[in-house]
Amino acid sequence: MGDELVLQVDGSRPVTAASVDAVQALCDAAEDHTGPGIVTLHVSGVPEGDWTAGLAVGLVSKWERAVRRLERLGRLTVAVASGDVGGTALDVLLAADLRIADPGTRLLVARDGEATWPGMALYRLVQQAGTARVRRAALLGAPIGAGEALTLGLIDELAGDPPAALAEIADQAAGLSGGELAIRRQLMFEAAAIGFEDALGAHLAACDRALRRAAH
C-alpha cells in the first residue's frame with residue numbers, strides 16, 4: 001500500500017491533549033512523507049456516562065482544529081469503521097475522504113447528559129446528508145445504521161472484509177499527487193456553497209495547473 005500511515009481512534013474516550021497530539025502527529029507525518037500511500041483511520045467506540053466532566057472549550061477547540069487539519073490533508077484519508085461509532089471516532093470518520101464500514105456499524109451522536117453533543121460532527125452530518133435526514137440523530141441521538149448511512153452517503157462501502165476493501169482503494173489511489181488531491185477536495189467543498197460563476201475561476205486555475213504539470 002505504499003507509504004501508509006495509520007491512526008486508531010477510540011470514540012469511547014473523551015477528548016484529551018494526547019488525542020489532539022495524535023492527530024497532529026499523524027498530519028505532520030503525512031506532510032513530511034510526500035510519497036504514494038493513504039492515511040488509514042480505524043474508528044470505533046462511543047463515549048458513555050459523564051464523559052464531558054473535566055472538558056474545557058479550549059481543548060475542544062484544539063481537537064476540532066486538528067480534525068479540520070486532517071480533513072484538508074494533502075493525502076487520501078480512508079476511515080474503517082466498526083461497531084458503534086461516536087464521539088471522537090465519529091468526528092474523524094466524517095472528516096475522512098472515503099469511509100468503509102463493517103455491516104454492523106452504527107453512527108451515533110454522543111450525549112453529554114442533557115442533550116446530544118453540539119460538536120462539529122453535527123455540522124458535518126448536516127452538510128453531508130441534509131438536515132431532514134439526520135434530524136433524529138442530531139436531536140435525539142438516534143443511531144444511524146450501516147445501511148442507512150450508506151444510503152445517506154455517510155459511508156461509501158459496507159465490507160465484510162475491510163482489509164481487502166482498503167487494499168483496493170490503496171491500489172486505486174496509487175500514483176495520485178497529494179497536493180493535487182487536496183485541490184480537488186477543496187473544489188468539492190466549495191461547490192456546495194458558491195455559484196457557478198464564482199467557482200469557474202478556481203476550476204480554470206486548477207485546469208491550468210494540471211496542463212502545466214502535464215507539459216513538464
Side-chain angles (χ1 to χ4, degrees), residues 1-13 15-16 18-47 63 66-110 121 124-125 128-129 137 143-182 184-185 188:
M1 293 187 189
D3 184 17
E4 184 181 359
L5 299 170
V6 180
L7 179 68
Q8 302 276 346
V9 182
D10 183 355
S12 68
R13 299 179 179 178
V15 177
T16 63
S19 58
V20 174
D21 290 344
V23 173
Q24 296 284 20
L26 179 74
C27 293
D28 287 341
E31 291 169 357
D32 288 342
H33 297 79
T34 57
I38 63 176
V39 174
T40 305
L41 310 162
H42 293 278
V43 299
S44 184
V46 177
W63 168 255
V67 174
R68 179 58 169 164
R69 182 183 177 194
L70 177 68
E71 189 173 36
R72 304 177 73 178
L73 202 60
R75 213 167 199 192
L76 188 72
T77 55
V78 184
V80 181
S82 61
D84 285 352
V85 177
T88 56
L90 182 61
D91 289 334
V92 169
L93 172 74
L94 296 176
D97 291 316
L98 299 175
R99 301 93 181 257
I100 301 168
D102 180 273
T105 298
R106 300 193 308 168
L107 311 185
L108 296 100
V109 179
R124 290 188 174 93
L125 281 172
Q128 296 174 23
I144 301 174
E148 183 182 2
L150 182 66
T151 300
L152 295 176
L154 300 172
I155 295 295
D156 296 297
E157 180 179 356
L158 299 183
D161 186 0
L166 189 62
E168 182 178 353
I169 291 174
D171 288 342
Q172 293 173 344
L176 292 180
S177 163
E180 292 301 302
L181 183 146
R184 306 305 187 272
R185 183 196 294 125
M188 287 195 302

Euclidean distance, Leu5 CG relative to Thr40 OG1, rounded to 0.5 Å: 8.5 Å
Partner set under side chain to side chain donor-acceptor pair (under 3.5 Å) for Thr105, not counting sequence neighbours: none
Minimum heavy-atom distance between Leu94 and Ala121, given as atom pair plus value: CD1-O, 3.7 Å
Show me the donor-acceptor pairs, under 3.5 Å and distance only, between side chains in residues 149-165 and residues at least two apart or in other chains.
| from | atom 1 | to | atom 2 | distance (Å) |
| --- | --- | --- | --- | --- |
| Thr151 | OG1 | Gly147 | O | 3.1 |
| Asp156 | OD2 | Arg99 | N | 2.8 |

Closest non-hydrogen atom pair between Ala95 and Thr77, with its separation: O-OG1, 4.3 Å
Partners meeting salt bridge (Lys or Arg N to Asp or Glu O under 4.0 Å) with Asp10 (sequence neighbours left out): Arg13
Worked check of side-chain contact (heavy atoms from CB on, under 4.5 Å) between Leu7 and Leu70: CA-CA 11 Å; Leu7 179 68; Leu70 177 68; 5.5 Å; no
Which residues share a side chain to side chain donor-acceptor pair (under 3.5 Å) with Gln24, sequence neighbours left out: Arg69
Residues that Arg184 engages under side chain to side chain donor-acceptor pair (under 3.5 Å), provided they are two or more places apart: Glu180
pair Ile169-Ile100: side-chain heavy atoms closer than 4.5 Å: yes
Close side-chain approach of Leu26 to Leu41, heavy-atom, < 4.5 Å: yes
Partners meeting side chain to side chain donor-acceptor pair (under 3.5 Å) with Glu71 (sequence neighbours left out): Arg68, Arg124
Distance-minimising heavy-atom pair for Ala182 and Gly74: CB-CA, 4.0 Å
Return all side-chain donor-acceptor pairs below 3.5 angstrom for residues 78-91, not counting sequence neighbours, or 'none' if the list is empty.
| from | atom 1 | to | atom 2 | distance (Å) |
| --- | --- | --- | --- | --- |
| Asp84 | OD1 | Arg106 | NE | 2.9 |
| Asp84 | OD2 | Arg106 | NH2 | 3.0 |
| Asp91 | OD2 | Trp63 | NE1 | 2.9 |

